[in-house]
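Residue numbers begin at 1 in each chain, while the letters A, B, ... track the order of the sequences. The structure presented is a predicted model; accordingly, all values stated were derived computationally and were not measured. Side chains are part of it too, since the values below use all heavy atoms of this structure and drop only hydrogens, waters and symmetry mates.
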Amino acid sequence: MKIIIIGNGMVGYKFCEKLMAKNPQGIELIVFGEEIRPAYDRVHLSEFFSGKSAQDLEMAPATWYEEHGIKLYTGDPIMHLDCENKTVSSHAGITESYDYLVFATGSSAFVPPIPGVEKDGVFIYRTIEDLEMMRDWAPKAKKGAVIGGGLLGLEAAKAMIDLGVTDTHVIEFAPRLMPRQIDEAGSTLLQAKLESIGLHILTSTNTLEITGSDKISGMRFQNDQVLDVDMLVISAGIKPRDELAKNAGLATGPRGGILVDSHMLTSDPHILAIGECALYEGMIYGLVAPGYEMAEVAIATLLGADKQFTGFDMSTKLKLIGIDVASFGDPFASDGEVRSIVLEDRNKGIYKRVNISADGKTLLGGILIGDAEQYNMLLQTCKNQVILPPNPEDIILGSRGGESEGGAGVLSLPDDAMICSCEAVSKGDICSHVLHGAENIEAIKKCTKAGTGCGGCVPMVKDIVNHTLKSQGIYVRNVICEHFDYSRQELLDLVHLHNLRSYDEVLSAHGHGDGCEVCKPLVASLIASLWNEMILDKGNDTAQDSNDRFLANIQKGGTYSVVPRIPGGEITPDKLIVIGEVAKEYNLYTKITGGQRIDLFGAHLTDLPAIWEKLIEAGFESGHAYGKALRTVKSCVGSTWCRFGLHDSVSFAIQIEERYRGIRAPHKIKGGVSGCIRECAEAQSKDFGIIATEKGWNLHVCGNGGSKPQHALLLASDIDSETCIRYIDRFLMFYIKTADPLTRTATWLNKLEGGIDYLRNVVVNDSLGLAEELESEMQKLVDNYVCEWKAAVENPEFRKRFSHFVNAPEEKDPTVDFEVLRDQKKAKAWS
Amino acid sequence: MVETMNKTWFLACQVQDVPENGGVCVKVKDQQIALFHFARRGEWYATQNECPHRQQMALSRGMIGSQGEEPKVACPFHKKTFSLKTGACLSGDVEAIKTYSVMVKDESVYIFLDSDEV
Ligand SMILES: Cc1cc2nc3c(=O)[nH]c(=O)nc-3n(C[C@H](O)[C@H](O)[C@H](O)COP(=O)(O)OP(=O)(O)OC[C@H]3O[C@@H](n4cnc5c(N)ncnc54)[C@H](O)[C@@H]3O)c2cc1C
Ligand code: SF4
Ligand code: SF4
Ligand code: FES
């Protein structure tokens with residue numbers, strides 16, 4: 001049987017992949033693609049702007065088609081179809097006959113007939129070529145606009161911002177954003193959020209004309225408003241590519257699309273259509289998951305199996321400029337019989353709505369904006385008509401406890417619940433693979449492909465794996481990796497108990513196999529947290545993360561950064577001069593960091609010991625910027641200079657920074673001290689933050705900046721300096737001993753049962769009777785401190801490791817290359 | 001035999017120059033080769049030093065370990081892992097790296113290379 005596929009997009013490719021997986025005999029497969037490259041991941045197209053190359057986005061390389069005996073013509077569209085004689089001919093003049101023909105021609109961007117759309121600087125957003133053209137144009141553009149406030153339009157608007165066109169307008173014809181997916185209240189909130197990050201949004205706006213000579217210079221709207229614009233993306237919807245089918249006489253819909261039945265057959269029994277070009281029961285399915293399902297059905301049809309397409313859920317979840325937006329089931333259901341529960345928190349920018357049947361038993365659909373963590377669970381509850389708990393509002397309100405509910409939820413799903421819709425994997429599929437030995441997420445990904453598409457279902461797949469194992473009586477623990485069957489906390493206790501001091505000892509005593517990049521740094525950090533010995537000693541150097549191993553952060557291009565400690569951010573002019581001199585001598589890029597110190601970038605590995613020797617001579621120490629350790633204790637200028645200052649915040653910050661320097665923890669730690677309530681040191685965004693009061697200090701803990709900012713919570717108030725230090729000792733040591741790997745204090749606290757009250761009980765009220773032990777353990781670490789760089793430069797054995805070539809120690813890595821920016825050097829961009 | 005004619009054992013360094021269970025980078029004319037002493041298993045491996053993911057000269061500074069029985073190295077940049085035996089990428093989608101044979105004789109370490117490479 002000879003099959004020809006027209007179109008090598010996402011669905012066309014999936015058809016090939018799924019067909020090959022069935023190992024069919026006697027099938028000849030030929031693919032014609034119009035685009036110059038083999039199929040790529042259009043869903044993640046925007047990642048092209050965040051550094052992914054066309055190759056990264058490829059669904060499979062050209063060699064894959066070869067290996068599977070598929071003949072692939074790229075850059076050669078089919079121009080003519082002769083249904084009578086069952087032949088197609090291509091632009092390059094190739095004519096091929098077929099037994100069956102599959103249309104997978106997708107769609108193109110719909111461009112409304114506005115005068116001026118042909119001008120330079122007007123783009124659509126569909127292919128890699130479109131994005132390449134945008135990328136080339138953007139540096140010349142200052143003011144951007146996007147026509148279309150739907151899903152794709154907003155994604156295009158984000159792309160504009162990423163391209164540096166930050167002054168961008170979104171122009172929507174309807175009275176609000178994303179009218180097809182979310183309700184009015186949701187649109188309003190989304191609009192406010194988008195505006196707060198600088199997008200301008202014009203709704204109820206109809207574009208009459210695009211002005212300018214050859215090149216766009218502006219837009220004119222119906223209300224006679226005008227807007228200066230030098231770059232425009234049109235994203236006003238999609239238009240199915242049915243022109244070829246139509247010319248050949250196949251039935252198409254009045255508004256486009258190739259008509260298909262539930263077997264994906266068109267009006268010609270030898271021709272099928274799948275993906276975004278297929279019109280099923282009056283509907284074009286503009287998402288990949290239904291397209292993949294159509295591919296599956298088409299294959300069944302061709303191989304004589306029985307499978308039908310019966311429509312597909314159009315629920316979606318996406319991240320728009322960092323904002324979660326999801327809608328599922330019937331998001332708008334509102335007739336008298338339906339109860340809608342709405343949660344709106346404008347401060348946090350969260351809007352949630354669920355629609356529940358009148359009897360309160362089933363979930364009909366809903367909308368989530370700002371926080372869509374529950375999306376998968378709600379979607380499955382809705383699709384599978386799972387009976388709701390007695391207080392249905394809990395499903396959107398009480399989510400803070402997180403996991404346990406999610407877990408119970410997974411159990412209540414039926415076996416045919418679709419968990420991964422990208423790859424059509426059901427709960428039953430996952431369970432049965434778990435029972436057959438695929439006992440972790442990696443194994444499940446490999447054998448079912450679940451979670452390999454958009455990845456949104458991964459948390460749920462994990463839950464299902466764990467629950468299935470549990471139901472089999474297998475005790476699931478949060479184990480470190482294949483080499484250690486312990487959690488971090490369990491292993492820490494073992495290492496402590498058995499007084500183990502090197503990675504190899506720990507592996508031999510409590511692990512198996514040869515270790516890996518997960519357990520090595522984790523164990524190395526445990527050992528450091530327990531004993532605070534020089535981290536390169538006892539063969540532990542090769543178990544450290546590269547940054548710890550070379551006592552410096554590896555940077556783009558393979559050079560390292562040098563960050564001396566500047567406690568409390570206080571530095572003398574002489575020391576500043578030394579930093580400047582060293583930077584000059586070794587040609588380093590210098591930058592003030594967010595933590596009140598100075599980073600020197602671009603050091604060759606070979607130069608590190610000499611650089612540090614000079615810094616140490618001038619009185620500097622390692623800043624541990626490379627370690628999961630204390631970074632900085634930021635301070636405001638405090639009472640010594642500031643007219644509001646209550647206490648000397650700088651002195652206290654220095655004292656604290658010097659106390660905890662070098663101590664290894666599950667993650668990095670930052671501190672801050674402010675001299676009064678005005679909080680100029682932003683101490684409440686730190687792991688521990690100290691703020692002066694009339695009577696002493698207030699101690700706040702578990703704050704976080706970074707990608708998930710969180711304010712620190714008050715642990716104790718009006719305490720004196722010694723008490724403050726004792727509490728921090730206990731707090732840090734308790735964190736070090738109980739946190740999961742790579743968990744910041746904020747996340748640790750969020751997972752701690754009882755939260756801040758429990759923590760206060762342990763630290764302040766000594767409810768566990770651990771206070772003394774924690775303090776003395778901390779004191780031991782403090783007493784053991786030595787500057788690692790000092791130890792490294794003084795020891796010839798350690799020093800030897802800082803060369804690039806083992807057989808040419810004086811030579812630097814010749815491949816290191818820099819570019820110039822604002823009179824300094826910078827690392828060469830990734831190629 | 002004929003095939004080995006145009007290959008040579010290139011003297012890279014001494015055993016003690018290479019950290020146990022870690023790697024170093026060896027300069028061979030304009031090439032960089034990562035050499036690993038997998039002391040836990042009593043094995044030696046050599047691969048190209050360049051990580052194919054973002055073309056960084058970094059594999060010699062990576063952590064070595066095992067996945068099942070397969071010895072591997074993890075690039076320090078984005079933790080892509082590669083088999084030390086076959087060079088195949090074990091964490092997905094990057095192309096394979098080149099691997100070379102290693103021989104240790106009298107505390108000296110040699111890498112097996114094409115004669116015109118050295
Ligand atoms: C920026 C962007 C973001 C998106 N985000 C999401 C998302 O988050 N989730 C989601 O589910 N979907 C998303 N989509 C939609 C998704 O990409 C499409 O649903 C999917 O690509 C459809 O696959 P397809 O194979 O039917 O069509 P396409 O991927 O468009 O492939 C069709 C191919 O056929 C070729 N072709 C057309 N005519 C011919 C001819 N005569 N001869 C030869 N070749 C021809 C075309 O050039 C094209 O390469 C997004 C789309 C875009 C553009
Ligand atoms: S926090 Fe208070 S003391 Fe410190 S600088 Fe600001 S105003 Fe002055
Ligand atoms: S935010 Fe931090 S990790 Fe991200 S680019 Fe800046 S310095 Fe690097
Ligand atoms: S450069 Fe090696 S993993 Fe990215």
Side-chain angles (χ1 to χ4, degrees), chain A residues 51 53 55-56 58 60-61 442 445 452 481-483 503-504 507-508 512-521 524 536 539-547 549-550 553-560 605 797-798 800-801 803-809 811 813-816 827-831, chain B residues 10-14 16-28 30 32-41 43 49-51 53-58 60-81 84 90-95 109 111:
Chain A
S53 65
Q55 206 184 2
D56 291 335
E58 246 170 27
E442 301 320 317
K445 271 190 183 171
T452 57
C481 66
E482 64 173 85
H483 305 107
Y503 173 78
D504 252 23
L507 182 61
S508 301
H512 34 79
D514 303 308
C516 68
E517 68 284 0
V518 175
C519 61
K520 281 187 170 184
L536 303 185
N540 286 336
D541 55 337
T542 53
Q544 305 287 355
D545 246 324
S546 178
N547 290 346
R549 177 168 171 200
F550 296 108
N553 285 332
I554 193 163
Q555 307 291 349
K556 247 188 199 172
T559 61
Y560 287 85
L605 182 61
E797 264 313 298
F798 292 155
K800 190 171 124 189
R801 302 289 183 221
S803 53
H804 184 68
F805 291 117
V806 66
N807 54 342
E811 276 182 52
D813 180 356
T815 66
V816 168
K828 228 178 106 191
W830 300 124
S831 45
Chain B
F10 174 81
L11 172 63
C13 59
Q14 299 300 301
Q16 51 150 37
D17 294 335
V18 187
E20 293 200 347
N21 298 308
V24 292
C25 172
V26 179
K27 180 180 154 83
V28 184
D30 290 339
Q32 303 195 11
I33 293 182
L35 172 68
F36 302 95
H37 183 192
F38 210 140
R40 249 195 105 72
R41 298 161 66 126
E43 291 164 4
N49 192 32
E50 186 181 73
C51 174
H53 176 231
R54 285 282 183 262
Q55 286 76 45
Q56 302 288 309
M57 282 297 181
S60 59
R61 302 181 203 168
M63 253 180 269
I64 60 173
S66 64
Q67 175 172 324
E69 281 306 302
E70 198 71 10
K72 64 171 183 176
V73 58
C75 174
F77 274 90
H78 312 94
K79 298 276 160 71
K80 302 271 177 211
T81 55
L84 289 170
L90 302 174
S91 52
D93 32 9
V94 181
E95 52 195 275
V109 189
I111 305 175

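- Under a 3.5 Å cut-off, the side chain of Lys79(B) and the backbone N or O of Val518(A) do not form any donor-acceptor pair.
- Considering only heavy-atom pairs separated by less than 4.5 Å from chain A, the leading option among Gly23(B), Cys25(B), Gly22(B) is Cys25(B).
- Chain A forms the most heavy-atom pairs under 4.5 Å with one residue out of Glu69(B), Met63(B), Gln14(B), Gln67(B), and that residue is Met63(B).
- Of the listed residues (Asp541(A), Asn547(A), Val816(A), Asp813(A)), the greatest number of heavy-atom pairs within a distance under 4.5 Å of chain B belongs to Asp813(A).
- Within the 3.5 Å criterion, the main-chain N or O of Glu20(B) finds a donor-acceptor partner in the side chain of Thr542(A).
- A donor-acceptor contact shorter than 3.5 Å links the side chain of Asn807(A) to the backbone of Lys27(B).
- Taking the side chain as every heavy atom from C-beta outward, Asp17(B) and Lys800(A) approach each other to under 4.5 Å.
- Side-chain atoms of Glu482(A) come within 3.5 Å of backbone atoms of Gly68(B) as a donor-acceptor pair (strictly under, hydrogens ignored).
- Per-residue counts of heavy-atom pairs under 4.5 Å with chain A were compared for Ala12(B), Ala58(B), Pro19(B); the largest is that of Pro19(B).
- Residues Lys72(B) and Glu517(A) meet the side-chain proximity criterion, which asks for heavy atoms closer than 4.5 Å.
- The candidate with the highest count of non-hydrogen atom pairs below 4.5 Å against chain B, out of Gly515(A), Cys516(A), Ser508(A), Cys519(A), is Gly515(A).
- Only the side chain of Asn49(B) comes within contact range of chain A, judged by heavy atoms closer than 4.5 Å.
- At a 4.5 Å heavy-atom cutoff, the contact between Asp56(A) and chain B is made by side-chain atoms alone.
- For the set Glu58(A), Arg549(A), His512(A), the entry with the most heavy-atom pairs within less than 4.5 Å of chain B is Arg549(A).
- Neither the backbone nor the side chain of Val94(B) comes within contact range of chain A, judged by heavy atoms closer than 4.5 Å.
- Between chain A and the options Thr81(B), Val24(B), Val26(B), heavy-atom pairs under 4.5 Å are most frequent for Val26(B).
- Distance check: Phe805(A) CZ to Ser60(B) OG gives 9.0 Å after rounding to the nearest 0.5 Å.
- Rounding to the nearest 0.5 Å gives a distance of 7.5 Å between CD1 of Ile554(A) and CD of Gln56(B).
- Proximity to chain B (any heavy atom under 4.5 Å) is restricted, for Glu811(A), to the side chain, taken from C-beta onward.
- If you measure heavy-atom distances from Ile33(B) to chain A, you find no contacts under 4.5 Å at all.
- A 4.5 Å side-chain heavy-atom check between His804(A) and Arg61(B) finds at least one atom pair inside the cut-off.
- Gln55(A) CD to Glu95(B) CD: the interatomic distance, rounded to the nearest 0.5 Å, is 7.0 Å.
- Val806(A) has its side chain out of reach of Leu35(B): every pair of non-hydrogen atoms, C-beta onward, lies at least 4.5 Å apart.
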**Request:** Take Thr815(A) and Glu50(B) through the test side chain to side chain contact (heavy atoms under 4.5 Å, CB included) and record every step on the way to the result.
**Result:** CA-CA 10 Å; Thr815(A) 66; Glu50(B) 186 181 73; over 6 Å; no

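- Note on Val73(B), Asn21(B), Val28(B): by heavy-atom pairs under 4.5 Å with chain A, the leading option is Asn21(B).
- Looking at Phe550(A), the atoms closer than 4.5 Å to chain B (heavy atoms on both sides) all sit in the side chain, from C-beta outward.
- Minimum heavy-atom separation, Gly51(A) to Arg54(B): O-NH2, 3.7 Å.
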